[in-house]
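Input: one structure, supplied below.
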Amino acid sequence: MQYQNPILPGFHPDPSICRVGDDFYLVTSSFEYFPGLPIYHSRDLVHWEQIGHCLTRDSQVHLVTGAPNCLNIYAPTIRYHDGLFYVIVTNVTGDNHGNFIITAKDPAGEWSDPIALPFPGIDPSLFFDEDGKVYYLGTDGGIYLSEMDITTGAAIGETHRLWQGTANNPEGPHLYKIDGMYYLLLAQGGTELCHMAVLARSESILGPYEPCPHNPVLTNIGQSLAIKAAGHADLVEDADGNWWAVCLGIRPLAYPFRHNLGRETMLVPAKWENGWLYAGENGAVLPEFTVAHAPKAWAASGYVPGSAVTDEFQGETLHPMWNLIYNPVPGMVQCTGNGLELHGNGVSLWEDAPKAWLGRRQEHFCCTAETELAFVPGQEGEEAGLTVYMNPGHHYEIARTMRDGVDCIILRRRIGALCAVEKAVPCHGGTVTLRLSCDRYWYRFAFAEDGGAMQEIGAGETQYLTTEAGGCFTGNYIALYASGNGTDMTAPAKFRRFSYVPTEE
């Protein structure tokens, strides 16, 4: 079998994986986006179908403003035990790190309300031992462990410090028991270019833990590869006894290294020799692997990340690819069964607050997104359109708006404190088609009125919508939006179609 990385392209960081029979399930971080914790299913580890989200209700999570791309839902772990799926995760709300567990019998269905946990720090993990005891692993300046009551979340007994790792920033711990030994895998080096995974083992769950002699067991430091910053790994064994790691990595646009798609999910073949883990190509995560063994055949019935998709908004629920920013405000985003309506409030794209915004991940360097918009601005400043969006301070958009009393199509770019309308073209049509064409260097915008010919309106450099220019832990979204720019809109913006198509580099 030959496969390419990433297996989940675009913003899919901090992957965690478990297996039930021939089925694999994977979750990733989601930060301020709602629904939270996207969950995926596969039977061959390479092709993944999104089957839903774990956080779909206000009662499960409260997402806070204040630091876009930096707060809210961090680094989950998914595990399966005695007929129940568990996801344990941190909601980082400024100075507070609230850890909690949610559960489900069907991972594609509704997940429970959270069980709050008393443990500090971030990046929690669960370990179910053979003697029936359940343990919490956490990160709080080092890796620690506590027995816990899995039903109530209460701590049992004292907390034990396990291992600091071999470098700075120990985080993302996972514990496994293999052939009678306990193995502790964790991330180190920070989630930038020095990211890595390191391993230690012990005969006792409480230690002491012996570091692997060839640490780091997984890293792309010093490698001339298209994938950088590899780390934060989780392990899984397939039904045939083969081992694999999922981890995050980035794909820079060019040198100097900047990335706009966010941290993505990679798959790495692994094996055990002489009691130690060997992953990838001498520890490296390659853009392409060829392996002799492969899990069971795969078949999808839903959305496969990385594929072309068209949404005509004919149902009364949203396609699983879509996200809002923060918890939903009732009435702002509505599926009518015959299109999508966005009821813009007074919040603009550059404000860090809930807004009439509906986005999907940019999953490819080269792609085209297009939408059909039925909207005529009713007053000065009302607008609706299509944006490529990293955060409130870094985005480009093509929009229909009322500007100095004229109904027009505009191209706007915001880069930090710099914001300019690059071009404005009078608009006379009832319906407009808006197009965004992406490559490694440019985001290009065009529009058509009432099904006519496309007109280019301008472009913006990709390098200014990168994590290195102004982001943090997420990647770019392509989004539909509407705004009253200070007041509520007089009438909703109606989107009748959206398409996303990967294109050739």
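Heads up: numbering here begins at 1 and tracks the sequence.
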Check your understanding: Using 30° and 60° as the class limits, which term best fits the ring planes of Phe85 and Tyr25: parallel, tilted or perpendicular?
Key -> perpendicular
Review point. Is there a side-chain contact (heavy atoms from CB on, under 4.5 Å) between Glu456 and Phe445 once you walk through the steps?
Key: CA-CA 6 Å; Glu456 293 188 2; Phe445 296 87; over 6 Å; no
Review point. Do Ile410 and Cys408 have side chains that get closer than 4.5 Å, going by heavy atoms?
Key: yes
Review point. Going through the checks in order, is the ring pair (Phe, Tyr, Trp, His ring centres under 6.0 Å) test met by Phe289 and Trp244?
Key: CA-CA 12 Å; Phe289 281 104; Trp244 307 82; 8.9 Å; no
Check your understanding: Do Glu351 side-chain atoms and Pro392 backbone N/O form a donor-acceptor pair below 3.5 Å?
Key -> no
Check your understanding: Closest heavy-atom contact between Gly138 and Pro173?
Key -> O-CG, 4.1 Å
Review point. Would a distance-only check, ignoring hydrogens and angles, find a side-chain to backbone donor-acceptor pair under 3.5 Å from Glu264 to Gly10?
Key: yes
Check your understanding: Below 4.5 Å, heavy atoms only, C-beta onward: do Ser42 and Trp298 meet side chain to side chain?
Key -> yes
Point to revise | Minimum side-chain heavy-atom gap Cys427-Val432 below 4.5 Å | key: yes
Review point. Can you tell me if Glu380 uses its side chain to pair, donor with acceptor, with the backbone of Asp404 under 3.5 Å?
Key: yes
Review point. What distance separates Leu465 CG from Asn391 CG, expressed to the nearest 0.5 Å?
Key: 9.0 Å
Point to revise | Distance-only side-chain donor-acceptor flag, Thr139 / Asp123, under 3.5 Å | key: no
**Study point:** Option from Arg400, Arg412, Arg403 for which salt bridge (charged side-chain N to carboxylate O under 4.0 Å, His left out) with Glu383 holds
**Key:** Arg412
Practice item. Answer yes or no: is there a side-chain heavy-atom contact under 4.5 Å between Phe34 and Ile325? Key: no
**Study point:** Lys494, NZ: over 12 other non-hydrogen atoms inside 6.0 angstrom
**Key:** no
Exercise for review: List the steps and the verdict of side-chain contact (heavy atoms from CB on, under 4.5 Å) for Leu45 and Ile17.
Suggested key: CA-CA 10 Å; Leu45 288 167; Ile17 190 170; 3.6 Å; yes
Check your understanding: How long is the span from the CD atom in Glu341 to the CD atom in Gln334, to the nearest 0.5 Å?
Key -> 6.0 Å
Check your understanding: Hey, is the main chain of His41 close enough, under 3.5 Å, to the side chain of Glu49 for a donor-acceptor pair?
Key -> no
Study note, to complete from the structure: To the nearest 0.5 Å, atom CD1 of Ile39 lies from atom CH2 of Trp48 at 9.5 Å
**Study point:** CG-CD1 distance between Leu26 and Ile51, expressed to the nearest 0.5 angstrom
**Key:** 10.5 Å
Check your understanding: What are the two closest heavy atoms between Gly460 and Arg413, and how far apart are they?
Key -> CA-NH1, 3.4 Å
Practice item. Mark yes or no for whether Asp352, through its side chain, and Thr65, through its backbone, hold a donor-acceptor pair below 3.5 Å. Key: no
Review point. Do the side chains of Phe11 and Asn69 get nearer than 4.5 Å, heavy atoms only?
Key: no
Practice item. I would like to know whether Tyr500 and His364 meet ring pair (Phe, Tyr, Trp, His ring centres under 6.0 Å); could you show each step before the answer? Key: CA-CA 10 Å; Tyr500 176 94; His364 305 82; 5.7 Å; yes
Exercise for review: Examine distances only and state if a side-chain atom of Thr462 and a backbone atom of Arg440 form a donor-acceptor pair shorter than 3.5 Å.
Suggested key: yes
Review point. Do Thr431 and Glu372 have side-chain atoms, one donor and one acceptor, less than 3.5 Å apart?
Key: no
Review point. In terms of side-chain geometry, is the basic nitrogen of Arg497 or Glu370 positioned less than 4.0 Å from the acidic oxygen of its partner?
Key: yes
**Study point:** With sequence neighbours excluded, residues passing salt bridge (Lys or Arg N to Asp or Glu O under 4.0 Å) with Glu468
**Key:** none
Point to revise | Sidechain-backbone polar pair: Thr368 side chain, Ser437 backbone, donor-acceptor under 3.5 Å | key: no
Point to revise | Heavy atoms from other residues, nucleotides or ligands near CD of Gln2 exceed 12 (cutoff 6.0 Å) | key: yes
Exercise for review: Apply the test side chain to side chain donor-acceptor pair (under 3.5 Å) to residues Asn338 and Thr336: give CA-CA distance (whole Å), side-chain angles for both, the deciding distance (0.1 Å), then the verdict.
Suggested key: CA-CA 5 Å; Asn338 190 30; Thr336 66; 5.9 Å; no
Practice item. To the nearest 0.5 angstrom, please state how far the CD atom of Glu504 sits from the SG atom of Cys367. Key: 13.0 Å
Check your understanding: Are Phe447 and Arg435 close enough that some pair of their side-chain heavy atoms sits under 4.5 Å apart?
Key -> no
Exercise for review: I would like to know whether Tyr396 and Leu436 meet side-chain contact (heavy atoms from CB on, under 4.5 Å); could you show each step before the answer?
Suggested key: CA-CA 10 Å; Tyr396 306 153; Leu436 165 65; over 6 Å; no
Exercise for review: For the residue pair Asp407 and His428, establish whether any side-chain heavy-atom pair is separated by less than 4.5 Å.
Suggested key: no
Exercise for review: Could I get the full list of ring-ring contact (aromatic ring centres under 6.0 Å, His included) partners for Tyr303, not counting sequence neighbours?
Suggested key: His319
Review point. Where do Gly306 and Pro9 come nearest, in terms of heavy atoms and distance?
Key: CA-CG, 3.8 Å
Point to revise | Over 12 non-hydrogen atoms of neighbours within 6.0 angstrom of CD in Glu461 | key: yes
Point to revise | Residues Arg57, Glu110: salt bridge by 4.0 Å N-O rule | key: yes
Exercise for review: Indicate the ring-plane relationship of His395 and Tyr389, choosing parallel, tilted or perpendicular according to the 30° and 60° boundaries.
Suggested key: parallel
Review point. Under the 3.5 angstrom rule, does the side chain of Asn327 hit a backbone N or O of His62 as a donor-acceptor pair?
Key: no
Exercise for review: Can you see which heavy atom on Arg360 is nearest to which on Met321, and at what distance?
Suggested key: NH1-SD, 3.3 Å
Review point. Is the backbone N or O of Gln463 less than 3.5 Å from a side-chain atom of Arg258, with the two atoms forming a donor-acceptor pair by type?
Key: no
Practice item. Ignoring hydrogens and angles, tell me if any N or O in the side chain of Asp450 forms a donor-acceptor pair with the backbone of Gly430 under 3.5 Å. Key: yes
**Study point:** Closest heavy-atom pair and its distance - Ser16, Pro76
**Key:** CB-O, 3.4 Å
Exercise for review: Indicate yes or no: at least one non-hydrogen side-chain atom of Pro15 is less than 4.5 angstrom from one of Leu248.
Suggested key: yes
Check your understanding: Could you give the distance from CG (Leu8) to OG1 (Thr265), rounded to the nearest 0.5 Å?
Key -> 4.5 Å
Check your understanding: Do the ring planes of His232 and His174 sit parallel (below 30°), tilted (30 to 60°) or perpendicular (above 60°)?
Key -> perpendicular
**Study point:** Tyr74 and Glu171 side chains, donor-acceptor separation under 3.5 Å
**Key:** no
Exercise for review: Apply side-chain contact (heavy atoms from CB on, under 4.5 Å) to the pair Met454 and Thr433, showing each step before the final yes or no.
Suggested key: CA-CA 8 Å; Met454 277 284 168; Thr433 300; 3.5 Å; yes
Practice item. Let me know which of Leu386, Leu340, Thr310 forms a side-chain contact (heavy atoms from CB on, under 4.5 Å) with Phe498. Key: Leu386
Review point. Side chains of Thr466 and Asn260: is there a donor and an acceptor less than 3.5 Å apart?
Key: no
Practice item. Write down the atom of Ala229, the atom of Glu192, and the distance for their closest heavy-atom approach. Key: CB-O, 3.0 Å
